Amino acid sequence: METNRLSQRMNQALNAQVTLEAFSAQVYLMLSSWADDAKLDGISAFLIKHSQEERVHMAKIMEYIQERGGKVTIEAIPKPSPEPTNTKECFEMVLQQEIENSEAIYRLVDLSMSERDWATFNFLQWLVAEQREEEKLALTLLDKVNLAGGKDASHASIYELNKDIGETGQEFPTADEENPLL
Ligand code: OFO
């Protein structure tokens, strides 16, 4: 008897999203490491916490595939693009990454609708809502960077920006809470 409740195509597409979330976590790690090297400790701390959030997304999708009787296959994670050269570029990369994630999730929603796979459609609504929040956060941070002077920001405004972003809250559960398999 077939016990995988996901179509082969959906299983593969969700698996690709697992890899994309892992890639996203790598992008945030790369940005955090750039910020640390640039002595932006607040920005670096924010980005490393966000990297963990991407790992929570990855773990939730893995758990969903397994719950439906599917198979998770761990693939290689591509190398992130080169480091930014200033804070504005850093937060443009953050926004770009989030938009690409949203678009990949929308393609999954389209697939779930075309297959009338309502369980997956329902699961994906959590990620759609999550992406809406993440795009909002990324846009707000980019606005702050631009207000501080963008790529021509003074040392004084970068100092304030670093402090402010370091204090930006990120409410998200740990991977352990989200995925008891971990
Ligand atoms: Fe920041 O996004 Fe995951 O999905």
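These numbers come from the heavy atoms of this one structure, side chains and all, not from hydrogens, waters or symmetry mates. Computed from a predicted structure; not experimentally measured. Counting starts at 1 for both ligands and their atoms, following the listed order. Residue numbers start at 1 and run along the sequence shown.
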- Query: Just distances here: any N/O of His57 and N/O of ligand 1 closer than 3.5 Å?
  - Reply: yes
- Task: Show which atoms of ligand 1 fall inside a sub-4.0 Å distance from at least one heavy-atom site of Asn101.
- Result: 1 (Fe), 2 (O), 3 (Fe), 4 (O)
- Is a side-chain donor-acceptor pair under 3.5 Å present for Glu100 with Gln96? yes
- Query: Is it the side chain, the backbone, both or neither of Glu98 that has a heavy atom closer than 4.0 Å to ligand 1?
  - Reply: side chain
- Message: Quick test of your reading of the model: are Arg107 and Glu103 salt-bridged, counting only N-O distances below 4.0 Å?
- Response: no
- Run the numbers for me: atoms of ligand 1, each under 4.0 Å from some heavy atom of Ile105, listed by number. 4 (O)
- Task: Return yes when at least one N/O/S atom of Glu54 is nearer than 2.8 Å to atom 3 (Fe) of ligand 1, and no when none is.
- Result: yes
- Message: Assess the residue pair Cys90 and Leu47 against the criterion (side-chain contact (heavy atoms from CB on, under 4.5 Å)); give the C-alpha distance rounded to whole Å, side-chain angles, the decisive distance to 0.1 Å, and a yes or no.
- Response: CA-CA 10 Å; Cys90 171; Leu47 293 166; 4.0 Å; yes
- For ligand 1, which atoms sit closer than 4.0 Å to a heavy atom of Glu21? 2 (O), 3 (Fe), 4 (O)
- Is Lys163 salt-bridged to Glu160, going by a charged N under 4.0 Å from an acidic O? yes
- Taking heavy atoms and a distance under 4.0 Å, where does Gln97 meet ligand 1: side chain, backbone, both or neither? neither
- Task: Mind checking the CG-CG spacing from Asp152 to Asn86? Nearest 0.5 Å is all I need.
- Result: 8.5 Å
- Residue pair Lys88 / Asn146, side-chain donor-acceptor N/O under 3.5 Å: yes
- Please could you name the atoms of ligand 1 that Gln131 approaches to less than 4.0 Å, counting only its heavy atoms? 1 (Fe), 2 (O), 3 (Fe), 4 (O)
- Query: Relative to each other, are the rings of Phe46 and Phe91 parallel, tilted or perpendicular (30° and 60° limits)?
  - Reply: tilted
- The atom of Glu134 among N, O or S that is nearest atom 1 (Fe) of ligand 1 is OE1
